[in-house]
Number of protein chains: 2
Amino acid sequence: MVSTSPRGCLCTVTPGLYWPVTRCDVKPEAVSTNKEKILKAASDLLLEKGIDGLSVRAIAAAAGLSTIAIYSHFDGKQGVLDALYMEGFALVQSAVESVAGVEDPRVAVLQGARNYLALAIEREGHYRLVFGETGSSYAPTEVAQQAARDAFAALVSGVARLLPPSASLATQQRAALKLWALLHGYVSLRHHVIGGAMEDRQWQAMAIDAFAESVDQLLAAH
Amino acid sequence: MVSTSPRGCLCTVTPGLYWPVTRCDVKPEAVSTNKEKILKAASDLLLEKGIDGLSVRAIAAAAGLSTIAIYSHFDGKQGVLDALYMEGFALVQSAVESVAGVEDPRVAVLQGARNYLALAIEREGHYRLVFGETGSSYAPTEVAQQAARDAFAALVSGVARLLPPSASLATQQRAALKLWALLHGYVSLRHHVIGGAMEDRQWQAMAIDAFAESVDQLLAAH
DNA sequence: TTCCTATACATAACGGTGTTATAGATAAAA
DNA sequence: TTTTATCTATAACACCGTTATGTATAGGAA
């Protein structure tokens, strides 16, 4: 996305990311735009206070602006939530792709799973937002959903390494979906149903054990 | 729970269930209490409109009462949500236990999984409520969480049939947790991430296939 | 240079939410 | 009969997301 800032420089802004990735072609010293301030404020609030912290007034105040800016730049709270949703999946994608340099496919996939589970803890707010805990009035836009599909595609690529090169895309996707379902299931059950009192490490170990069993089953089947 | 109604009869009320289970020891013709009316109204709204339909005013109106009754009988919206949460897990438990008459353990467990997936569709509102989509300001009370534990216990009992009698409780629980995580993972991913456009049957078939693979892995390991 | 248009912004008000405050009604117990 | 406990209706409160109103600013056109 390319936008023009009030100072006339041509800025390249990567949507959905809150760290400063604004590249000004004309003035390398350009400061944050208000849109970026808002998104950073929202992302920080999500990290510190969870989804409850994300009122329009709180985000605006944290960005040093009034609420109208949320409507101006993001078309309302939905736009902020969409941006955070995309951030969430960008984090997922990053966790999955960060193992690209690992040679052994099984080791890589297991490490990706560990990254994923760690992310679910370290970025709990983003995780819960992505999985619908904003309250059911929020549903991601089509654009935002693309981030989910991108993350899934990254997962499929990673899992494909466990399969023979002849495996069809559908097979890869089915395998990736199963592994994702399993991992996410552990996270979600712990959030809502059972195991909430368990130590992080213990829960992660349990999830990884189960995940490894499924990975090994996949390897044995091919 | 035993309570006295305005008409002086001694009523046995099972909490968390919305169908009339009020048993009046004195007057068999007793009508619903207001508390039951409220819970039924909430449950119906949840079924018809989802979580968004559950405002205090909407529930009160559907029960033919004013909002103060919600605070009187349920101590506020939290109490209603707790009751619905318990209903949700009672439904899960029922889905799992309804296969008790099936002789073959594998067939029984697979049927239980099918029941579970069907429940996730037919009682989507309850399902989403149980898994946190009320908005993050709701967290179930300790009493309500017991319903989740009861459902898990039922699941453990069902899965235990796949294991040798010598299997420890921890082993049974680990197996049950894995299978539940997998099933729920499929439901949740479809709600929030991917596959939302897929036909119910196709998605269920995919989930059951994956589930069956894990069941078979479990059987093969013992 | 001036005027017009588009965008961004501050502030107040609106309609909705869950909840509390106030007052009244009723049944049971003392 | 009086007191107590419980239930109830209604209005008001504080907060929410959003809209309405008016102002400021930058860029483009005449």
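Order of the sequence lines sets the chain letters (A, B, ...), proteins ahead of strands, with each chain counted from 1.
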**Request:** Measure distances between side-chain N and O atoms of B/Arg57 and base N and O atoms of C/dG16, and say whether any donor-acceptor pair falls under 3.5 Å.
**Result:** no
**Message:** Whether the side chain of B/His192 engages the backbone of A/Phe131 through a donor-acceptor N/O pair (distance < 3.5 Å, no angle test) should be reported.
**Reply:** yes
**Residue B/Val56, side-chain atoms from C-beta onward, closest of D/dC16, C/dT19, D/dT18** = C/dT19
**Asked** Quick one: A/Lys77 NZ to D/dC16 C1', roughly how many Å, whole number?
**Response** 8 Å
**Message:** In whole Å, I'd like the distance from the CD1 atom of A/Ile38 to the P atom of C/dA8.
**Reply:** 10 Å
**Message:** Using modelled atom types and a 3.5 Å cut-off, is there a donor and acceptor pairing between side-chain atoms of B/Lys178 and backbone atoms of A/Asp209?
**Reply:** no
**Request:** Using atom CG of A/Asp52 as one end and atom P of C/dT17 as the other, report the distance to the nearest whole Å.
**Result:** 18 Å
**Asked** When the distance from OH of B/Tyr71 to P of D/dA9 is rounded to whole Å, what number comes out?
**Response** 14 Å
**Item:** Nearest-nucleotide pick for B/Ile68, side chain only, options being D/dG17, C/dA10, C/dT20
**Value:** C/dT20
**Under 3.5 Å: donor-acceptor pair, side chain of A/Gln172, backbone of A/Val159** = no
**Request:** Between D/dG17, D/dT10, C/dT17, spot the one nearest the side chain of B/Ser55, thanks.
**Result:** C/dT17
**Prompt:** Starting at NE2 of A/His73 and ending at C1' of C/dT7, how long is that distance when rounded to a whole Å?
**Reply:** 9 Å
**Request:** Nearest whole angstrom, please: distance from the P of D/dC7 to the CG of B/Asp75.
**Result:** 12 Å
**Asked** Quick one: side-chain contact (heavy atoms from CB on, under 4.5 Å) partners of A/Ala148, sequence neighbours excluded?
**Response** A/Tyr85, A/Phe89, B/Val193
**Request:** Calculate the interatomic distance between B/Ile70 atom CD1 and C/dT17 atom P; express it in whole Å.
**Result:** 13 Å
**Request:** Measure from the side chain of B/Ser66, starting at C-beta and using heavy atoms only, and say which of C/dA10, D/dA9, C/dG18 lies closest.
**Result:** D/dA9
**Request:** Quickly work out the B/Leu81 CG to C/dT19 C1' distance and round it to whole Å.
**Result:** 14 Å
**Request:** Map B/Ser72 and A/Ala58 onto DNA chain D by nearest heavy atom, then report which one ends up closer to the 5' terminus.
**Result:** B/Ser72
**Asked** How would you label the contact of A/Leu54 with the nucleic acid (heavy atoms, under 4.0 Å): base, sugar-phosphate, or nothing?
**Response** sugar-phosphate
**Message:** Holding to side-chain contact (heavy atoms from CB on, under 4.5 Å), I want the full list of residues that pass it with B/Ser72, two or more places apart in sequence or in another chain.
**Reply:** none
